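Have a look at the structure below before the remarks.
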Amino acid sequence: MFTARVPSLVPNRWAQMLVAFPPRFDLTVSNPTLVGLPYPPDLLAPLAHPRGLVYHPAPAGLASARQAVAALYQAQGLSVRPEQVLLTASTSESYSLLAKLLCEPGEGFLVPQPSYPLFEHLLRADGCRAVPYQLPEEAGFRLDTSRIPYHEGAKALVVVQPNNPTGTVVPSEEWEALVKLCRDRSWALVADEVFWEFPLGAKARQSFAGNPHCLTFVLGGLSKLLGLPQLKVGWMVVSGPQDLAAEAFARLEFLADTYLSVATPTQQALPEILARGLGVREAIRQRLRVNLELLREELQDFPFLELVEPEGGWSAVVRFPQVVSEEDLVCELLQERGVAVYPGFFFDFPHEGFLVVSLLVLPEHLRLGLQAVGQALAAKLPRP
Ligand SMILES: Cc1ncc(COP(=O)(O)O)c(C=O)c1O
């Protein structure tokens with residue numbers, strides 16, 4: 001009776017254990033609203049303004065909201081006009097609109113691996129496929145254009161910068177080659193930059209927003225930018241060769257018009273919320289910096305654990321010696337020590353031996369959780 005767009009719903013072993021053994025220290029929390037960040041209590045007051053009592057359907061978004069989003073990019077020196085911005089109800093919805101725009105059933109997007117596990121489900125739900133390309137481990141999980149394979153039926157190439165969970169960005173020496181590859185192969189470039197405003201390194205980086213050289217969609221949203229996933233506001237910045245970008249935008253607008261999913265009061269309040277929310281963004285940055293420093297310190301006590309240095313984002317990857325499988329380790333940590341961490345295989349790392357932790361969690365939880373991870377592994381290592 002049902003389509004294969006919905007995968008098996010049987011929870012995996014770890015997810016089942018999460019219910020049986022609720023963790024004391026949950027190092028997987030990536031919901032910013034649950035980690036004690038200082039949100040001003042009246043941050044969402046602009047939503048209650050009486051102007052929201054009148055409905056203004058606007059498929060690409062209200063002009064004032066698009067202007068406010070364009071201004072975010074302009075403030076970074078990027079050439080983005082409000083007319084290039086299309087509002088969506090989330091980055092997930094942006095992906096869904098892009099799949100509808102670019103893919104016939106069975107076609108797909110090239111997606112990085114390791115990366116965000118939702119790609120496969122998002123694309124499958126639209127009758128499309130996620131075709132993985134590797135971020136090579138020997139290059140620190142950074143994109144290497146020369147190793148991106150040709151794939152029949154691929155319509156777009158997705159890059160995530162900073163990537164979830166490795167925190168890597170597209171290396172500067174790859175930018176030109178990547179754009180050329182997309183142009184030569186008639187792939188759209190989809191740059192998921194939801195974590196862009198959370199850099200953790202000092203390396204040069206470049207947003208693809210406004211890139212005129214190939215059809216480009218840059219994705220962003222409030223869920224990460226201001227730590228407000230509940231507002232359901234995302235966007236796409238559409239650019240490229242002029243006629244192609246204009247055609248893509250008009251077609252996206254048509255698709256968006258069939259749903260009109262971004263609430264009018266939210267759009268009206270967006271400029272004000274963006275201005276009021278900067279303090280939250282700063283608090284998130286501060287939390288990430290504190291936690292990354294703490295992680296480095298804690299790992300000194302466990303020299304067999306190695307941090308994969310992130311250049312940005314909300315997560316960190318730790319390599320551990322393969323004396324136990326990822327699944328056995330994360331289940332044992334839950335059951336025996338009350339600590340939740342993600343196994344690397346959730347993110348399709350090329351082999352076993354990785355754990356992923358959120359850098360958003362309370363620092364005290366991170367410290368105690370990491371100590372538990374270190375102690376659990378130390379007990380398994382062969383004695384010298
Ligand atoms: C790389 C990446 N893109 C998109 C999203 C989801 O964003 P949204 O809440 O706007 O759908 C996430 C959430 O974790 C993510 O990691």
Side-chain angles (χ1 to χ4, degrees), residues 7-37 113-118 121 137 141 164-167 287-310 313-384:
S8 158
L9 299 181
V10 179
N12 59 42
R13 184 175 146 213
W14 181 78
Q16 286 176 23
M17 290 194 54
L18 205 53
V19 177
F21 302 96
R24 267 174 303 141
F25 307 115
D26 187 349
L27 308 194
T28 70
V29 183
S30 57
N31 178 344
T33 66
L34 298 180
V35 289
L37 292 167
Q113 231 176 35
S115 192
Y116 186 41
L118 213 60
H121 302 305
E137 181 174 10
F141 298 109
N164 173 8
T166 57
R287 174 69 59 86
L288 299 171
R289 282 194 292 263
V290 165
N291 274 344
L292 184 59
E293 202 39 52
L294 190 149
L295 180 60
R296 286 201 183 100
E297 272 166 29
E298 287 303 324
L299 293 196
Q300 282 177 10
D301 287 346
F302 305 103
F304 49 86
L305 295 177
E306 187 196 343
L307 173 68
V308 175
E309 280 293 334
W314 287 11
S315 50
V317 177
V318 174
R319 264 194 197 89
F320 68 89
Q322 295 178 43
V323 289
V324 54
S325 76
E326 287 173 354
E327 188 179 43
D328 285 348
L329 178 61
V330 296
C331 288
E332 178 191 318
L333 285 166
L334 255 186
Q335 188 168 356
E336 312 278 326
R337 298 179 186 255
V339 173
V341 291
Y342 282 133
F345 72 84
F346 278 14
F347 301 84
D348 295 308
F349 277 82
H351 56 80
E352 283 271 322
F354 296 94
L355 296 174
V356 175
V357 296
S358 164
L359 290 175
L360 271 193
V361 297
L362 286 169
E364 188 59 6
H365 285 201
L366 185 64
R367 196 172 63 76
L368 294 167
L370 286 170
Q371 285 172 2
V373 172
Q375 285 157 9
L377 275 161
K380 297 185 192 310
L381 291 175
R383 305 220 171 268

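The model shown is predicted, which means the values in this text are computed figures rather than measured ones.
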Mind checking the [atom1]-[atom2] spacing from [X] to [Y]? Nearest 0.5 Å is all I need.
| X | Y | atom1 | atom2 | result |
| --- | --- | --- | --- | --- |
| Asn31 | Leu37 | CG | CG | 10.0 Å |
| Leu355 | Leu377 | CG | CG | 7.0 Å |
| Asn164 | Ser358 | CG | OG | 9.5 Å |
| Gln371 | Leu366 | CD | CG | 10.0 Å |
| Trp14 | Leu333 | CH2 | CG | 10.5 Å |
| Phe21 | Arg337 | CZ | CZ | 14.5 Å |

So which atom in [X] and which in [Y] form the shortest heavy-atom distance, rounded to 0.1 Å?
| X | Y | answer |
| --- | --- | --- |
| Ala340 | Asp26 | CB-OD1, 3.5 Å |
| Val290 | Pro363 | CG1-CG, 4.2 Å |
| Ala316 | Leu307 | CB-CD1, 4.0 Å |
| Glu326 | Glu352 | N-OE1, 2.6 Å |
| Leu305 | Gly374 | CD1-CA, 4.1 Å |
| Leu360 | Ser30 | CD1-O, 3.7 Å |

Would you check if the side chain of [X] reaches a backbone N or O of [Y] as a donor-acceptor pair within less than 3.5 Å?
| X | Y | result |
| --- | --- | --- |
| Asn291 | Val361 | yes |
| Gln16 | Pro11 | yes |
| Glu306 | Arg319 | no |
| Thr28 | Tyr342 | no |

Sequence neighbours left out, what passes side chain to side chain contact (heavy atoms under 4.5 Å, CB included) with [X]? Give chain and number order.
| X | answer |
| --- | --- |
| Gln113 | Pro132, Gln134, Asp348 |
| Glu364 | Arg367, Leu368 |
| Pro382 | Val323 |

Any [X] side-chain heavy atom under 4.5 Å of [Y] side chain:
| X | Y | result |
| --- | --- | --- |
| Leu334 | Pro23 | yes |
| Met17 | Glu332 | no |
| Pro32 | Trp314 | yes |
| Leu362 | Arg287 | yes |
| Phe141 | Ser115 | no |
| Phe347 | Val317 | no |
| Phe349 | Pro165 | yes |

Is the distance between the ring centroids of Phe320 and Phe302 under 6.0 Å?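 Centroid separation for Phe320 and Phe302: 6.0 Å or greater.
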